[in-house]
Amino acid sequence: MKELKILLILVVIVLIGYWGIEPLAHSIMHADIEKAIEEYHLPDFKFSDLPDPKVNPGDPAKGKEAVKMFCTSCHGVKVEGIKAPMDPKTAAASFGVVPPDLSNIAAVLDEKFLINFLVNPQKATENPKFAMPALGLNEQQAADITAYLKGIAKKHMTPKEKLVEACVRCHSVKYQKIYAKTPAENLKKYLGKVPPDLSVIYKAKGEEYLQAFINRPSKILNGTKMPRVGLDKESQEEIIGYLEKIADPHKEQRKKVGLYVLLYMLVMIGLTYAWKKKIWKNVH
Amino acid sequence: MEKKGGLMKWLDDRLAITQLWKVMMSEYYLPKNINFLWSFGVLTMLVFVILVITGIFLLMYYKPDAKLAFDSVNKTIMMDVAYGWVFRHTHAVAASIMFLVLYIHMARGIYYGSFKPPREVVWITGYILFVLMSATAFTGYLLPWGQMSYWAAQTITTLFEKIPFIGPDLVIWIRGNYIVADATLTRFFALHVTLLPALILVFTAVHMYAVRIVGSNNEDGIPLSKEEKKEKGIPFWPVFISKEFFVMSVFLLFFFYLVFFNYDFAMDPINFQPANYLQTPPHIYPEWYFLAYYEVLRGFFFSQNLGLIAFVASMFIALFLPWLDRSPIVSGKHRPLFRFMWWIFVADFLFLTILGKLPPTGFYAWLGFVGAIVFFVFFFSLPIISAIEKKQVASGGKQ
């Protein structure tokens, strides 16, 4: 009885300590992040800060013409047989970052975001130094291009393909042997530093942070050079799911082995208790 | 051990193992009035064994090189090697839990007066073990070469700069470079896997030898005479150990729950970003077991020098307990004044630990200052309490 009382006191002290160094400390250290998440309702897949385009439904045929006129001097569109005008190295050196091939780009981007982006890239990405300049497109042209790009994009992409489409112009995932398309020295010039490798970023940042940060980088990390990419809800969730899987590949195994070990320890508790009883029977 | 076969007799003739077994185990008597807190000494050894075994396996894949360390831990060990993650998780959690077990072991020793004559050597060797374990933990924490590894090492080694005259040179000598770098990693690795564990083994041996000479303390602090021991005591083997195994099993259930299902507290998320000497993390803090001392350092926020002196004092003052507390009454069970101060100390240690992780600004800074002062109040109250109790005993009031 007395021993149980001592144990109870121990447990209470340990739990208070644990509460202090984990939940309490984290809530205080991450207060600004929690505040931003609440204030901007992150992740916000409606992109509520951007205006709703007042346009007729986009016309893919007109969009195709517009892409040829406005985009292909920098971007390739492989599925349509349009090659990028420069090789990646030269392009990275000229623009700071390799411009994406447009074949599947719309598969991961939100429609509303993409229209806003085409009209004003700096505003949509919330990054004043974003490499692509505003081209003077009006909203209708942007909607046409968006309709065209949505039309040519693959309908089904694996989470890994989506990650490559969305993140790998700047980020590497070296444990998966995926390397950034833009050379490191160009990224350093363009962004001020080489962006973090994504191999175990899920463990470093966690689900909640990634959901909010990818959705709206500048509101979570003041002064970040990461542009808002404008992923749609499905793509972002798939990409984060993929990041979790590669950062913690043994999750299932861990749960299974953990359960067996705990069961084994329960048996051990029974056995050792029985032995203790037997030995102590003769003691008093 | 009683029956002697051929081999046993052969060994016994040469090594006197029967005698050794008697002295160490079957005829080493403990008092009956002890509770399960007396099991924590053997628990520290269990955790140490877990650390050594997992450590040896980690050693087979770990690369102590600034360019390779992070990937060898997070890729090779955590992803590629079959069950490598079990060894890393177990090692990290065991390192953390070692301090929980140590702190309970030490707090029990203080409460029941186990540092008092004739157990001073037990206390001192035990305290040296605590310091060695701290050094092992600190050097080991650098090895994954993550952001928190790096910046914790950077911050703590910087403290040496304030030592008069030799400080700045000493820091460079410790780091092997002007900043924490590859040279630091390699030497911390060397200390972590050779010298420090070897010293821990040596002091563990002395610690246990000393306990067997003077015997275990008990709840009432009243020693058994040699004759009483056999009559009233319980032999270490098999009586005490049978309870110890039960305590161990319960402990291991808790321990493996942490290893498999709740390991974040021992593996800080920030440490999953590789060390970058150009980018300071927004919050730098040591592992939880150093937070109290760290908070004493920060508590004197108005003077760095004072903070440093307090920091060093807080880490070593408990070593002098046998001389600070000279009361003739041994156990806290019979010392209401002491018990009161002990509880304040425990609460304050907990308070400092929690505060140590919070940003040291505004109100928190002042709370830290108060906490740091209270930490020392316990130790300085001991001579006073001793004097009061000496008078009581002299006037025949107690015991």
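Reminder, nothing fancy here: chain letters follow the sequence lines and each chain counts from 1. Predicted model only: the values in this text are computed from it and were never measured.
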Side chain, backbone, both or neither: which part of P249(A) has an atom under 4.5 Å from a heavy atom of chain B? side chain

Quiz question: by atom type and distance under 3.5 Å, do the side chains of Y175(A) and N74(B) form a donor-acceptor pair? no

Highest number of heavy-atom pairs under 4.5 Å with chain B: which of D197(A), I16(A), I21(A)? I21(A)

Between Y364(B) and chain A, which part of the residue has a heavy atom less than 4.5 Å away: side chain, backbone, both or neither? side chain

Please state whether the side chain, the backbone, both or neither of A274(A) comes within less than 4.5 Å of a heavy atom of chain B. neither

Are there residues of residues 345-355 of chain B whose heavy atoms fall under 4.5 Å of chain A's heavy atoms? If so, which? V346(B), L350(B), T353(B), I354(B)

So, the part of L37(B) with a heavy atom under 4.5 Å from chain A: the answer is side chain

In a table with atom names and distances, give each donor-acceptor pair under 3.5 Å that connects a side chain of residues 257-273 of chain A to protein atoms at least two apart or in another chain.
{"from": "T272(A)", "atom 1": "OG1", "to": "M268(A)", "atom 2": "O", "distance (Å)": "2.7"}
{"from": "T272(A)", "atom 1": "OG1", "to": "I269(A)", "atom 2": "O", "distance (Å)": "3.1"}
{"from": "T272(A)", "atom 1": "OG1", "to": "S249(B)", "atom 2": "OG", "distance (Å)": "3.2"}

What are the residues of residues 281-290 of chain B, in order of number, with any heavy atom under 4.5 angstrom from a heavy atom of chain A? H283(B), Y285(B), W288(B)

Got a donor-acceptor contact below 3.5 angstrom from the H250(A) side chain to the M79(B) backbone? yes

Name the region of K277(A), side chain, backbone, both or neither, that has any atom closer than 4.5 Å to a heavy atom of chain B. neither

Need one label for Q279(B): side chain, backbone, both or neither, based on atoms under 4.5 Å from any heavy atom in chain A. side chain

Highest number of heavy-atom pairs under 4.5 Å with chain A among P238(B), A107(B), G146(B) belongs to P238(B)

With sequence neighbours left out, the residues meeting ring-ring contact (aromatic ring centres under 6.0 Å, His included) with F45(A) are none

For atom CZ of F57(B), is the number of surrounding heavy atoms from other residues, nucleotides or ligands below 6.0 Å larger than 12? no

Assert top hit (heavy-atom pairs under 4.5 Å, partner chain B, pool K278(A), Q253(A), K255(A)) equals Q253(A)

Any heavy-atom pair between the side chains of H26(A) and K357(B) that's under 4.5 Å? yes

Quick check for you: among V247(B), V250(B), D80(B), which has the greatest number of heavy-atom pairs under 4.5 Å with chain A? V250(B)

Is P359(B) close to chain A through its backbone or its side chain, or both, or neither, when contacts mean heavy atoms under 4.5 Å? side chain

How many angstroms lie between atom CD1 of I34(B) and atom CD of E3(A), to the nearest 0.5 angstrom? 9.0 Å

Proximity breakdown for L252(B) and chain A, heavy-atom pairs closer than 4.5 Å: both

Stepwise side-chain contact (heavy atoms from CB on, under 4.5 Å) check, I241(B) with W275(A): CA-CA 10 Å; I241(B) 210 79; W275(A) 192 51; 4.1 Å; yes

Does any heavy atom of chain A fall under 4.5 Å from the side chain of D71(B), the backbone, both, or neither of them? both

What part of K2(A) lies closer than 4.5 angstrom to a heavy atom of chain B: side chain, backbone, both or neither? side chain

When rounded to the nearest 0.5 angstrom, what distance separates NZ in K203(A) from CE in M267(B)? 6.0 Å

Is it the case that R254(A) and Y263(B) place a side-chain donor and acceptor less than 3.5 Å from each other? yes

Start with the C-alpha gap between K205(A) and Q273(B), add the side-chain angles, then the distance that decides, and say whether side-chain contact (heavy atoms from CB on, under 4.5 Å) holds. CA-CA 9 Å; K205(A) 298 297 186 184; Q273(B) 292 175 287; 3.8 Å; yes

Give the member of M248(B), E244(B), E219(B) that has the highest number of heavy-atom pairs under 4.5 Å with chain A. E219(B)

Where does Y18(A) contact chain B at under 4.5 Å (heavy atoms): side chain, backbone, both or neither? side chain

Part of D248(A) lying under 4.5 Å from any heavy atom of chain B: side chain

Find the one option among F272(B), W85(B), Y83(B), F245(B) whose heavy-atom pairs under 4.5 Å with chain A are most numerous. W85(B)

Should the heavy atoms of other residues, nucleotides or ligands under 6.0 Å from OH of Y179(A) be counted, would the total exceed 12? yes

Short side-chain to backbone donor-acceptor contact, K276(A) and F246(B), under 3.5 Å: no

Using side-chain contact (heavy atoms from CB on, under 4.5 Å), reason through L278(B) and K193(A) one step at a time and then give a plain yes or no. CA-CA 10 Å; L278(B) 292 172; K193(A) 63 166 197 168; over 6 Å; no

Is it the case that atom OH in Y61(B) sees more than 12 heavy atoms from other parts of the structure closer than 6.0 Å? no

Pick one of side chain, backbone, both or neither for F261(B), based on which atoms fall under 4.5 Å of a heavy atom in chain A. side chain

